[in-house]
Each structure stands twice: as structure tokens, then as C-alpha cells.
Number of protein chains: 2
Amino acid sequence: MDEKLWFLKECPLFERLTEDQIERLEAASQSRSFGKGEMIYLPSDASESVLLLTKGRVKLFHVTSDGKQALLALIEPGEVFGELAVFDGGQREEFAEAMMPSTLIRIPKVIIQDLMESEANVAIGITKLIGFRRRRVERRLKSLLFRSNRERLIHLLIELADQYGVRTPDGVRLKIKLSHQELASIIGSTRETVTVVLGDLQSEGKLKIERRHLILNDIDRLAATIGVTSPEVPVDSPFLHRTARPARYGT
Amino acid sequence: MDEKLWFLKECPLFERLTEDQIERLEAASQSRSFGKGEMIYLPSDASESVLLLTKGRVKLFHVTSDGKQALLALIEPGEVFGELAVFDGGQREEFAEAMMPSTLIRIPKVIIQDLMESEANVAIGITKLIGFRRRRVERRLKSLLFRSNRERLIHLLIELADQYGVRTPDGVRLKIKLSHQELASIIGSTRETVTVVLGDLQSEGKLKIERRHLILNDIDRLAATIGVTSPEVPVDSPFLHRTARPARYGT
DNA sequence: TCAAGACTGTAAAGCAGCCCACAAACAGAA
DNA sequence: TTCTGTTTGTGGGCTGCTTTACAGTCTTGA
């Protein structure tokens, strides 16, 4: 219970709220846990709340008519998702599934709507959040149109490096373990193709695979091959145990 | 000059502003016209303003490394674009080009930012606008991943019917003329493929091409083939001269 | 009204990537 | 450990799409 309050206070969206407002927020929202593989919402669910992930990892995805998953986003602790609910009355448009045991706080959308009316910085924060993600989707769209599977995959690896990468002596190491199937479902390809392209890249010396973790040997050169600037990647620190850098939208 | 004021008042984003606020908005913004094919902004431009189109049609697009255009959006009179500038300090990320002689109002982003701070409904309106378009991009992403060119094209036609279609005795008629090249640049395909797929669809009786205008004979059946519900399309009226239905984000 | 340029139609060749099939390696639970 | 289910590796056949090339048609502006 107390934990819930702590996470809400910690969330950049709400950092400028008064004690009173935070408490009302806390009273209206509820915390809930999900096991690995459990569905958090379905496309047929009414979108009545905004979710804040406090523990675990969540994936958002569509399912195509022939049963293939199209992965839309990975959500990390501290991140908000399902936020389009605040203005879009209808139903959800994707699946949300816990990839590991996860806990999240469910905030009714009316609460957020009220806050947006009264607190400009909440409204601006929500706008930034939605806009930031729109940019992401647009960039992704661009990286898919007209590009070969090889290029798409390289694009994806660089994006993952931006979010999950740490710099080590060998190169940039991705602190997330995704199966080839999952990678394929992000770039709209097949498991087999991802396997061979990763194999190619490895034999070209562009990356290394160590116990299911990818290491990009020369991210700058990799980025150059697809005409993109390589991301900033922090040095690996044994003291820093976060596995991902959730983007911050607060300021 | 007077016209500028009229358009700002008409824009749903600003409809609840006071006379005073509208006038300040008008004083700070400037109107400008562009000829057909003229560039409105480039990816290298600083994004210092939000644009409101008052006349003409604008296309937003990326250019891939091998020179292909990837069309992102078409903007119709009354619509706002370049709106991600309000929170995203850097540069534009796409090209904006006038597809026909066009006029637009340029509103400095600081003005919008100030309004968002002081007027909750402006902030909410911007959020809805950005969110609405994010939904669009996400849906488009979904319609591209794992789909054949034929399916992508059908998807696109249905989307165009939603925005530009009118119901006639023969079927749904699209009140916009796009070249095969342009259609291809939306779905990430080639001109030739679009030509043959359109030919196929025509010989299957699914659509008709009359003087460069497409008529979808049975949009419901067409929508069904790709597992989608067909959009609402208004009856053609000789008194209604708008060619497109710009989405409304005001309320 | 004519000419130049843009757009559409068609066809052949080549290949990237999908589908199918199976084997090997690995991970997690008992 | 051993067993079971998941993930990875590899190859062959097939097809949808791109590429290239060219001809015919439509638009538009002088």
C-alpha cells in the first residue's frame, strides 16, 4: 500500500502534485500483480484506466488474422502504458501481457482527465509521453518501409542498444534477452530469417552472441551501414542494477 | 490578414479562447503561401513552429537512403501539422511539401506552449491531436507488418475511403487523386506492383477506375477480405464541396 | 493545339524471404 | 541428474515482389 504511494510520487508525471493530490490519486488507484504470461488486457477490454508498471516487464502486441504476433512495445518498470485511454473512449487496440512476474498500478482515466484539466504540467507531461512514443512509432515505420530484413534487424539492434545497451570492453552489450521469434515479431519477419541474419552478422564480426546475450562489436560502424547515428550508451557499472533506461517524460 | 483571424477562430484547438487570446495568437503568427511542389520544411530545419493549413494540400514524407519517398501523412485544410515541435526541441524529422498551391499559418511554438500552460483545453486538444495521430501510425504499422502488398493496398484504400470517400450509386468514390507512385510510397511498395494489383482488383470486380478516380464497388466485402470493419462513408452531396473530412480533435 | 513530361500498363528475369521439415542445443522443473 | 519443452541452426522448394525495359496514354502549360 505504502509502496503504491511511493511509485506514484516517483513517477515524473506526478512529481509536481501536492501531497493532497497524490493522496487522492493513490486512493483511487489500485495495485495488482500478474504472473508470467498472464494477460493484462485484451483488445476487447474497455479502456478505463492508465497503467503504471512498478515491477517486471510487459509487452504490447497485436495479433494478425493468421495468428502472428506483431510486437508494438516493451514496457519497463516506472513506465506508463495504455495512456491513450485518457482521451479515446472506446476499447483497447492491443494485447498487454506480463513477460515476467509483474506488478502495476491501475489509475482510472477520469482521475487523469481531471488532473489534466487542473494541472497544466500533468497535461503537458501526458502530451510529451504520447508524442515521444509517436515519434518512436514513426521512426519505426520509416525503418520498415522499403528496407530489407537485414536492415530492419540492424535498425532494431541499434534501437535496443539505445534502450538496453551498456558499453563493455568488447562492445555494446544488450541487457535484455529476446528470442529470435520475438525479434522477428518486431520487424515483421520470420524466426528463421532472423536466425540466419544474426548468423551472418556474427560471422562478419559485427556482433557476438554470448549465452543468449548480444554484443555489438562496433555499433558506430553498424549504424553507419544503415545511415543512422549511433546512440549514446552508458558504461557498464556493477553498482547500477537497472536493466533498462525508461525514457523520462517529466521535464 | 482578417482571414488569418478567421481560421484561427475556426480551429477547434482554439475555439474556447477569449477574444484577447485569439488576437495575441493572431499577432504572433504569420501566414504564408507555397506553390505546388514547394518545400515547406526540411528535416534539417529547426522546429520552431506549429503549422495550420488553410488552403491546399500538404504531404509529409521521409526519404530513404536510396532516394525513395515514404509518405507519412496528407494534410488537409483546417488541419494542424508539425505539432510535435511543441515539446521536441530539435529538428523536424520529415519533409513537408505543398502538393498544390497552399497557404498556411505559422504559429511559434512558444505561443502554443504558453497556451498549454494556462488553458487546460488547449493542452488537452493538443494531446488528443497527437494521440489520435499516434493511433493512426500504430494502425498503419500493424497493417504493414506481415502483410502482402495486395493486403496493404486494400488496407490503404479502405483508409482513404474513410477519409476521402463518398457513397454513390456505384459504390464508394474516393475524392482524391493519387498516382500509383504515391500509393506505393505509402505502403512501401513499387509503382509497378500497385499497377498490377489495382488491375487485378478491377478485373475481379472489386473496384473501378474512372478518370483517375477510384470507386470501391463493395467496400464491405473488401474490408471483410482483410478482416476489418468498413468505415462510415457519407452520401455524396452536390452541396457539400469539401473534398476531405479532416478529423476533429476539439472535443 | 501541340509538344513535353508525367503517368499507366505489361512482361521477363532474378532474388529475397517465406514455408516446411528436421536436427541439435539449451533451459527449467522434477 | 534426467526429462520435457523451448529455442536455435540449416537446407530446399516456392512465390511474391523488385528490377529493368519499353510502349502507350493522359495532362498540362506554352
Side-chain angles (χ1 to χ4, degrees), chain A residues 35-37 59 64-71 97 99-101 144-157 174 176-204 207-215 226, chain B residues 35-37 59 64-71 97 99-101 144-157 174 176-204 207-215 226:
Chain A
K36 178 179 176 173
K59 70 171 170 182
T64 64
S65 43
D66 50 337
K68 291 179 180 170
Q69 279 190 17
L71 216 157
E97 180 190 320
M99 293 176 79
M100 52 179 72
L144 292 179
L145 287 175
F146 303 114
R147 293 199 135 86
S148 68
N149 274 334
R150 183 192 167 95
E151 290 173 307
R152 295 177 181 191
L153 185 54
I154 294 178
H155 248 285
L156 172 58
L157 292 178
L174 304 188
I176 185 176
K177 190 190 64 169
L178 294 172
S179 70
H180 294 183
Q181 180 61 66
E182 286 167 322
L183 294 172
S185 81
I186 299 178
I187 62 173
S189 177
T190 59
R191 203 269 308 162
E192 295 89 331
T193 302
V194 168
T195 301
V196 314
V197 174
L198 279 181
D200 290 351
L201 291 173
Q202 187 167 20
S203 62
E204 290 166 23
L207 58 81
K208 222 173 8 177
I209 305 175
E210 262 181 19
R211 279 178 293 113
R212 321 283 299 295
H213 280 265
L214 289 168
I215 298 178
I226 54 167
Chain B
K36 178 178 174 172
K59 69 172 170 183
T64 64
S65 43
D66 51 337
K68 291 180 181 170
Q69 279 190 17
L71 215 157
E97 179 191 319
M99 293 177 79
M100 52 178 71
L144 293 179
L145 287 174
F146 303 115
R147 293 199 135 86
S148 68
N149 273 336
R150 182 192 166 96
E151 291 172 308
R152 295 178 181 191
L153 185 55
I154 293 177
H155 248 285
L156 172 57
L157 292 178
L174 304 188
I176 186 177
K177 189 189 65 171
L178 293 172
S179 70
H180 294 182
Q181 180 61 68
E182 285 167 322
L183 293 172
S185 81
I186 299 178
I187 62 172
S189 177
T190 59
R191 203 267 309 161
E192 295 85 340
T193 302
V194 168
T195 300
V196 313
V197 173
L198 279 181
D200 289 352
L201 291 172
Q202 187 168 20
S203 62
E204 290 166 22
L207 57 81
K208 222 171 10 176
I209 304 174
E210 262 181 18
R211 279 178 292 115
R212 322 282 301 296
H213 279 267
L214 289 167
I215 299 179
I226 54 167

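Here is how names work: the chains are called A, B, and so on, in the same order as the sequence lines, proteins then strands, and each is numbered from 1. What's counted below: heavy atoms across the whole structure, side chains too, no hydrogens, waters or symmetry copies. Since the model is a prediction, treat every value here as computed from it, not as a measurement.
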Heavy-atom side-chain contact between A:Thr195 and A:Arg191 under 4.5 Å:
yes

Applying a 4.0 Å non-hydrogen cut-off, can you work out what A:Lys68 is touching in the nucleic acid: base, sugar-phosphate, or nothing?
sugar-phosphate

Could you tell me the separation between the CG atom of A:Leu157 and the CD1 atom of A:Ile226, rounded to the nearest 0.5 Å?
9.0 Å

For B:Thr193, which contact category applies under a 4.0 Å heavy-atom criterion: base, sugar-phosphate, or nothing?
base

Select from B:Arg191 and B:Lys177 the residue whose nearest nucleotide in DNA chain D is closer to the 5' end of that strand.
B:Arg191

Just checking, any donor-acceptor pair under 3.5 angstrom between side chains of A:Ser189 and A:Asn149?
yes

Residue pair B:Leu201 / B:Ile154, side-chain heavy-atom distance below 4.5 Å
yes

Under a criterion of less than 4.0 angstrom to any heavy atom of chain A, what are the 5'-terminal and 3'-terminal contacting nucleotides of DNA chain C?
C:dG17 to C:dA27

State the CD1-CG distance between B:Ile186 and B:Leu71, to the nearest 0.5 angstrom.
5.0 Å

5′-ward residue of the pair A:Ser179/B:Arg147 relative to DNA chain D
A:Ser179

Degree of bending in the helix from C:dT1-D:dA30 to C:dA30-D:dT1 once both end axes are built from five pairs, to 10°:
60°

Tell me, please, which residues at least two apart from A:Glu97 pass side-chain contact (heavy atoms from CB on, under 4.5 Å).
A:Met39, A:Lys59, A:Phe61

Going 5' to 3' along DNA chain D, which are the first and last nucleotides with any atom under 4.0 Å from a heavy atom of chain A?
D:dT7 to D:dT10

So B:Lys36, base contact, sugar-phosphate only, or nothing? Heavy-atom distance under 4.0 Å.
nothing

Which heavy-atom pair separates B:Ile187 from B:Leu144 by the least distance, and what is that distance?
O-CD2, 3.8 Å

Can you list the residues that meet the side-chain hydrogen bond (donor to acceptor under 3.5 Å, both in side chains) rule with B:Arg147, with sequence neighbours excluded?
none

Quick one: list whatever passes side-chain contact (heavy atoms from CB on, under 4.5 Å) with B:Lys68, sequence neighbours left out.
A:Phe146, B:Thr64, B:Asp66

Main-chain N/O of A:Glu192 paired to A:His180 side chain as donor or acceptor, under 3.5 Å
no

Treating A:His213 as the side-chain partner and A:Lys177 as the backbone partner, does any N or O pair qualify as donor plus acceptor under 3.5 Å?
no

